[in-house]
Amino acid sequence: MPLILIHSERFALHVTPPGHPERPERAEAMDVVAARFREAGGTIEPPSPATRDQLARVHDPRYIDAIASTSGRAVALDPDTFTSPDSYAIALEAAGAAVAAVEKAWSGSDRAAFALVRPPGHHAERDRAMGFCLFNNVAVAAAHASTLGARRVAIIDYDVHHGNGTQHIFERDADVLYISTHQYPYYPGTGASDEIGIGPGAGATVNLPLEAGATDDDYRVVFERVVLPILRQFAPDLLLVSAGFDAHERDPLGGMRVTTPAFGAMTQALRGVADECCRGRIALVTEGGYDLRALAASLEAAIQAVASPAGAPVWPSSGIASDRGERSADATSAALSGWWKVQ
Ligand code: SP5
Ligand code: ZN
């Protein structure tokens with residue numbers, strides 16, 4: 001299998017309050033998926049903690065100190081985001097796992113790596129915890145890739161929520177393309193189609209807001225009309241994926257209707273672009289996904305899509321007209337017509 005997993009059973013040591021959706025059991029669901037991967041002959045490596053320098057590429061040093069000072073304590077960082085005594089150490093390992101995935105994708109013989117982590121990262125801003133996220137794992141990964149010699153890095157984020165932190169960290173950077181599909185209007189409120197990047201980064205932020213109820217067909221439409229064409233034109237040296245599974249039809253937080261096989265199809269399509277553009281270099285990092293069965297099954301579908309021989313994605317069909325997808329693709333195409341050839 002040309003895929004390596006980065007995983008640690010320590011991720012369950014980040015403990016959230018009773019009833020919180022981002023609960024330690026999510027790590028146990030990931031443990032089960034990792035155990036199956038190992039039994040099938042797959043390779044799994046444990047992460048090292050991210051270093052202060054690696055974090056400081058995307059986070060304010062004072063913010064890193066503030067999170068470090070929660071070590072040994074349970075603290076509310078925002079209305080949704082909590083620490084427990086080990087959270088700082090575990091958040092360092094989550095960011096370190098994203099770094100390790102990039103190292104493997106960039107210079108390993110495998111060229112594909114998947115970091116199964118919690119806490120998630122994409123809501124974390126340069127200087128603020130948000131939305132269950134402490135450090136922005138995928139942003140740390142993208143910044144690390146640049147130091148390895150990747151000139152252009154693409155991040156595609158299919159979590160049901162907009163990755164406000166990732167967008168803001170890179171919105172002035174033309175060399176880091178951020179593409180997000182997300183429910184809208186919804187938490188965290190950002191991610192309108194006219195948010196396209198700022199200054200020299202204009203055109204390198206691509207938002208595909210989707211109305212609640214979007215199906216597999218809607219996701220197929222925005223992938224085929226916008227995500228994949230822009231990725232091919234950008235031609236990244238490395239593809240990163242913020243792999244959240246909370247757009248799943250069973251997810252208790254998201255309002256979308258995506259099925260397990262569609263997570264396979266989306267991931268297969270992205271892996272195809274990585275094969276075309278960057279010699280298969282792809283690193284995936286988990287984000288949300290709050291129904292444990294849906295999370296485990298979708299994660300497995302995504303892993304299979306990267307681990308299996310290349311092939312065209314097989315999109316399941318809901319049988320429901322894909323108007324939400326067409327409307328999203330229309331708005332985003334219009335906003336980005338000056339930067340990309342999209343229809
Ligand atoms: C990584 C990820 O999927 N994060 C999801 C965060 C969703 N947060 C929903 C918050 C809803 C509004 N909270 C207001 C505070 C009241 N407790
Ligand atoms: Zn989410």
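Keep in mind that what you see is a predicted model, and the values were worked out from it rather than measured. First listed ligand is number 1; within each ligand, the first listed atom is number 1.
Atom numbering of ligand 1 starts at 1 in the shown order; those under 4.0 Å from a heavy atom of D246 are 3 (O). Interface of P120 with ligand 1, defined as ligand atoms under 4.0 Å from a residue heavy atom, comprises 1 (C). Annotation for ligand 1: atoms under 4.0 Å from non-hydrogen atoms of D159 are 3 (O). Close approach of ligand 1 to G288 is summarised as follows: ligand atoms under 4.0 Å from at least one heavy atom of the residue are 3 (O). Interface atoms of ligand 1 facing P79, defined by a heavy-atom separation under 4.0 Å, are 15 (C), 17 (N).
For D159, the nearest N, O or S atom to the Zn ion (ligand 2) falls under 2.8 Å.
Side-chain contact between V15 and F82 is absent, with no heavy-atom pair separated by less than 4.5 Å. For the pair R151 and D175, the minimum side-chain heavy-atom distance is 4.5 Å or more.
Side-chain N or O atoms of Q268 include one that pairs as donor or acceptor with a backbone N or O of G311 at under 3.5 Å.
If you check which protein heavy atom lies closest to atom 11 (C) of ligand 1, you get Y187 CD1, 4.1 Å. Nearest protein heavy-atom contact of atom 10 (C) of ligand 1 is D80 OD2, 3.4 Å. Among all protein heavy atoms, the one lying closest to atom 2 (C) of ligand 1 is Y290 OH, 2.7 Å. At the shortest separation from atom 4 (N) of ligand 1 among protein heavy atoms lies G131 O, 3.0 Å.
For a threshold of 3.5 Å applied to N or O pairs, the pair formed by H161 and ligand 1 contains at least one separation below that value.
Among the heteroatoms counted here (N, O or S) of H161, ND1 is the one nearest to the Zn ion (ligand 2). Looking at D246, its N, O or S atom nearest to the Zn ion (ligand 2) turns out to be OD2.
Ring geometry, Y63 versus H59: the interplanar angle falls from 30° to 60°, so the pair is classed tilted. Below 30°, between 30° and 60°, or above 60°: for F263 and F245 the angle between ring planes is above 60°, a perpendicular geometry. In this structure, Y186 and H161 have parallel ring planes: the angle between them is below the 30° cut-off, well short of the 60° mark.
Going from atom OG of S308 over to atom CZ of R271 covers 7.0 Å, rounded to the nearest 0.5 Å.
Of all the heavy atoms in L238 and I282, the pair that sits closest is CD1-N, 4.1 Å.
When heavy-atom distances to ligand 1 are checked against a 4.0 Å cut-off, H123 comes that close only through its side chain, counted from C-beta outward.
Heavy atoms of other residues, nucleotides or ligands lying less than 6.0 angstrom from CZ of R57 number more than 12.
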